[in-house]
Amino acid sequence: MKELQDIARLSDRFISVELVDESLFDWNVDKDSVLWQDMKETNTEYILLNLTFPDNFPFSPPFMRVLSPRLENGYVLDGGAICMELLTPRGWSSAYTVEAVMRQFAASLVKGQGRICRKAGKSKKSFSRKEAEATFKSLVKTHEKYGWVTPP
């Protein structure tokens with residue numbers, strides 16, 4: 001509840017949150033981003049994220065994924081999974097706020113040169129939670145084996 005109230009008080013309106021079925025443990029989050037040119041050209045008003053909070057939040061990270069639009073690059077993978085170490089149990093700290101996670105995601109989009117997908121047939125295909133969870137599990141396993149590399 002505190003995290004939700006903190007987001008609501010943001011003066012720059014960087015983030016807006018909507019509870020899924022009025023549950024404090026399931027949020028849809030949207031934000032403006034540096035993908036502004038793509039967004040203008042495709043008439044995309046926002047990037048919709050989904051955060052699912054575990055029962056022991058803030059001691060474990062939320063599961064976060066992109067719902068729409070379909071993005072490519074920017075560390076957004078199959079199913080809308082997000083490749084960020086801080087979203088893993090190993091990289092998470094209970095000191096992180098949801099706002100800090102949103103800002104890190106925005107920075108990752110910029111660093112990873114994220115774009116709105118415009119490939120015929122693929123751009124309209126919805127991301128799925130099942131695919132996002134499988135992709136996230138796979139990327140965590142890979143990074144646990146080979147390490148995390150922070151791009152310049």
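Small disclaimer: the values here were computed from a predicted structure and weren't measured.
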- Going through the checks in order, is the side chain to side chain contact (heavy atoms under 4.5 Å, CB included) test met by Gln104 and Leu87? CA-CA 10 Å; Gln104 184 62 42; Leu87 292 173; over 6 Å; no
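- Annotation for Pro54 and Pro62: closest pair CD-CA, 3.9 Å, computed over non-hydrogen atoms.
- With Met64 as reference, Val101 is the one residue of Thr52, Leu86, Val101 to meet the side chain to side chain contact (heavy atoms under 4.5 Å, CB included) rule.
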- Item | side chain to side chain contact (heavy atoms under 4.5 Å, CB included) assessment of Ile47 paired with Leu71 | CA-CA 9 Å; Ile47 295 172; Leu71 300 175; 4.3 Å; yes
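- In this structure, Cys83 SG and Leu77 CG are separated by 5.5 Å, a value rounded to the nearest 0.5 Å.
- In terms of modelled atom types and a separation under 3.5 Å, the side chain of Ser93 and the main chain of Ala95 share a donor-acceptor contact.
- Within the 4.5 Å cutoff, side-chain heavy atoms of Val66 are placed close to those of Ile82.
- Proximity of a side-chain donor or acceptor of Ser138 to a complementary backbone N or O of Ala134 within less than 3.5 Å is not detected.
- Leu24 is not connected to Phe59 by any chain of hydrophobic side-chain contacts under 4.5 Å among Ile, Leu, Val, Met, Phe, Trp and Tyr, and they are in different clusters.
- Within the 3.5 Å criterion, the main-chain N or O of Tyr46 finds no donor-acceptor partner in the side chain of Thr44.
- A donor-acceptor pair is defined here as one N or O able to donate and one able to accept, closer than 3.5 Å; no such pair exists between the side chain of Asn50 and the backbone of Arg65.
- Residues Phe25 and Leu19 form no side-chain contact, since every pair of their non-hydrogen atoms from C-beta on lies 4.5 Å or further apart.
- Two different hydrophobic clusters hold Val20 and Met102 under the rule that ILVMFWY side chains link at heavy-atom gaps under 4.5 Å.
- Salt bridge annotation for Arg118-Glu72: absent, with no cationic side-chain nitrogen under 4.0 angstrom from a carboxylate oxygen.
- Other residues, nucleotides and ligands contribute only 12 or fewer heavy atoms inside 6.0 Å of the CG atom of Asp55.
- Note that the OG1 atom of Thr135 and the CZ atom of Phe127 stand 9.5 Å from one another [nearest 0.5 Å].
- For the atom pair Arg103 CZ and Glu99 CD, the distance stands at 4.5 Å (nearest 0.5 Å).
- For the pair Arg129 and Glu133, the salt-bridge criterion is met [side-chain N within less than 4.0 Å of a carboxylate O].
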- Message: I'd like to know whether Asn73 forms a side chain to side chain contact (heavy atoms under 4.5 Å, CB included) with Leu109, so could you lay out the CA-CA distance, the side-chain angles of the two residues, the decisive distance to 0.1 Å, and finally the verdict.
- Response: CA-CA 8 Å; Asn73 303 325; Leu109 282 175; over 6 Å; no
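- Atom CG of Leu139 sits about 10.0 Å away from atom CD of Glu144, to the nearest 0.5 Å.
- Taken to the nearest 0.5 Å, the CD atom of Glu3 stands 13.0 Å off from the OH atom of Tyr96.
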- Audit row: Phe53, Val98, side chain to side chain contact (heavy atoms under 4.5 Å, CB included) steps and yes/no: CA-CA 11 Å; Phe53 296 89; Val98 175; 4.0 Å; yes
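- For the residue pair Ala132 and Gly79, the shortest heavy atom distance occurs at CB-O, 3.2 Å.
- Of the possible polar contacts, one joining the Trp92 side chain to the Pro58 backbone as a donor-acceptor pair under 3.5 Å is found.
- Summarising the geometry, atom CZ belonging to Phe63 is positioned 15.0 Å from atom CZ belonging to Phe57; distances are rounded to the nearest 0.5 Å.
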